[in-house]
Amino acid sequence: MMEQKARITKEQLKQAQAEVDKLTCELERSRELGRVIVHVDMDAFYAAVEMRDCPELKDKPMAVGSMSMLSTSNYHARRFGVRAAMPGFIAKKLCPNLVIVPTNFDKYRAVSAQVREIFSEYDPHFMPMSLDEAYLDITEHLEQRKHWPETMRTYHICDAKTGNDADRSAAESERDELSPVLFEDSPSSSPSLSGADGKAEVFGTSAEEAVREMRFRIEQKTSLTASAGIAPNMMLAKVCSDKNKPNGQYRIPPERQVVMEFMKDLPVRKVSGVGKVTEKMLAALGIVNCDQLSQQMALLSLLFSGTSWHNFLHISLGLGSTCIERDSERKSMSTERTFGEMSDAEEQYSLCRDLCHDLAQDLQREGLKYKSLLINLMHPCQINKLTFKK
DNA sequence: GCGGATCAC
DNA sequence: TATGGTGATCCGC
């Protein structure tokens with residue numbers, strides 16, 4: 001650190017700053033604020049599904065996963081420090097009463113499909129990131145929506161879904177009873193939802209109203225809550241969806257000044273793509289929030305690769321992708337397994353054969369042929385990975 | 001082009 | 001008892 005500092009001259013910094021300023025100008029000139037991007041994130045998804053379907057779990061600290069690894073936890077468990085990606089046996093030490101429910105991926109997939117049906121009505125080209133998360137571009141939807149009569153923006157509690165109304169009502173009332181309380185301080189669902197006699201809710205034509213409506217429909221259909229972020233680009237929308245979680249939403253209006261103000265205090269770690277390692281490297285330079293990031297761009301352009309500091313510059317300016325790309329073809333398929341130390345050669349061969357067999361099956365399932373085979377055997381036997389590349 | 005590192009979920 | 005699995009990208013060789 002000290003050495004590097006000494007090696008960078010003031011002249012270099014000055015030149016770097018000039019380059020940063022020039023690129024900043026170009027980026028600023030082409031800033032796009034015309035799209036309305038939404039990031040939707042289901043609240044504690046797997047845990048919420050399990051709680052919905054098992055009332056016993058409602059008031060207990062619970063997590064979904066195994067003694068080896070947890071996928072997610074509910075609010076009660078989080079109070080004990082139980083988090084996603086934590087081994088279950090550690091979580092048990094933090095919270096001895098923790099109930100661990102094994103994952104039911106088929107069920108989560110089914111619920112996800114229900115939610116995605118709703119997404120597609122607001123953006124037929126929405127981009128799913130996982131079972132519980134997606135980006136939408138609702139610009140066109142809002143354009144249409146402006147001309148919609150109120151009836152097209154009105155939703156009834158027992159009538160929100162098309163299909164058999166009688167069955168629907170029964171299902172709804174049952175779900176009301178089962179509706180999970182995820183978080184103690186969670187703002188209750190919309191007033192008309194909790195009111196026993198509430199009949200209909202009319203949503204407005206703004207972006208916020210459209211997203212409120214979408215979240216309302218998700219809750220009506222699945223008894224699960226979602227959080228959302230609304231912003232002029234994907235990077236901002238993602239950060240926003242985290243802002244009022246759970247069961248909330250946040251919008252950054254399409255104005256440069258507001259975007260910059262929002263970025264100022266934002267910790268760099270909150271931005272998707274900035275992980276633990278990058279956070280540490282930046283912290284070592286005294287950079288924690290995005291304001292500091294923008295102040296140090298000249299230095300960063302000297303210390304990091306082109307793509308890295310360009311990315312930092314985009315972040316510091318509150319820029320991000322403004323178009324939701326169609327999910328492209330997969331580029332690789334892999335199988336890996338974690339195992340303990342293993343000195344017996346036969347055992348090692350056996351494991352390799354198993355991996356090959358599993359991967360071959362996966363490949364066959366998609367009828368794919370791959371050009372190259374990568375075999376990764378990392379010491380000390382923590383990761384064993386087979387990858388086929390196209 | 002390859003393998004390691006990083007990241008998201 | 002026990003700390004995951006999959007896919008993508010970037011970077012330095």
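Chain naming here is simple, since letters A, B, ... match the order of the sequence lines and numbering starts at 1 in each. Hydrogens, waters and symmetry mates are skipped; everything else that's a heavy atom, side chains included, is used. This is a predicted model, so every value here is computed, not measured.
Taking the charged nitrogens against the carboxylate oxygens, A/E26 and A/R29 have no contact shorter than 4.0 Å, which rules out a salt bridge. Taking the charged nitrogens against the carboxylate oxygens, A/R31 and A/E28 do have a contact shorter than 4.0 Å, which makes a salt bridge.
Counting only distance, with no hydrogens or angles, the side chain of A/R326 and the backbone of A/H125 share no donor-acceptor pair below 3.5 Å. No donor-acceptor distance shorter than 3.5 angstrom exists from the side chain of A/Y122 to the backbone of A/I118, with no hydrogens or angles considered.
Dashed line: the shortest gap from a side-chain N or O of A/T335 to OP1 or OP2 of C/dG5 is not under 4.0 Å. In this model, the phosphate group of C/dG7 is approached by a side-chain N or O of A/S334 to a distance below 4.0 Å at OP1 or OP2. The phosphate of B/dC7 (OP1 or OP2) has no side-chain N or O of A/K280 nearer than 4.0 angstrom. Phosphate contact (OP1/OP2 of C/dC11, side-chain N/O of A/T307, threshold under 4.0 Å): present. OP1 or OP2 of C/dG5 sits under 4.0 Å from a side-chain N or O of A/T338. In this model, the phosphate group of C/dA8 is approached by a side-chain N or O of A/S332 to a distance below 4.0 Å at OP1 or OP2. For A/K238, no side-chain nitrogen or oxygen approaches OP1 or OP2 of B/dA8 to under 4.0 Å. In this structure, A/S308 reaches the C/dC11 phosphate: one of its side-chain N or O atoms is under 4.0 Å from OP1 or OP2.
Whole-Å rounding puts the A/L282 CG to B/dT6 P distance at 13 Å. Rounded to whole Å, atom P of C/dT3 lies 12 Å from atom CE of A/M67.
Place A/D362 and A/S305 on DNA chain C by their nearest nucleotides, and A/D362 ends up nearer the 5' end.
Going from the C1' atom of B/dC7 to that of C/dG4 covers 15 Å, rounded to whole Å.
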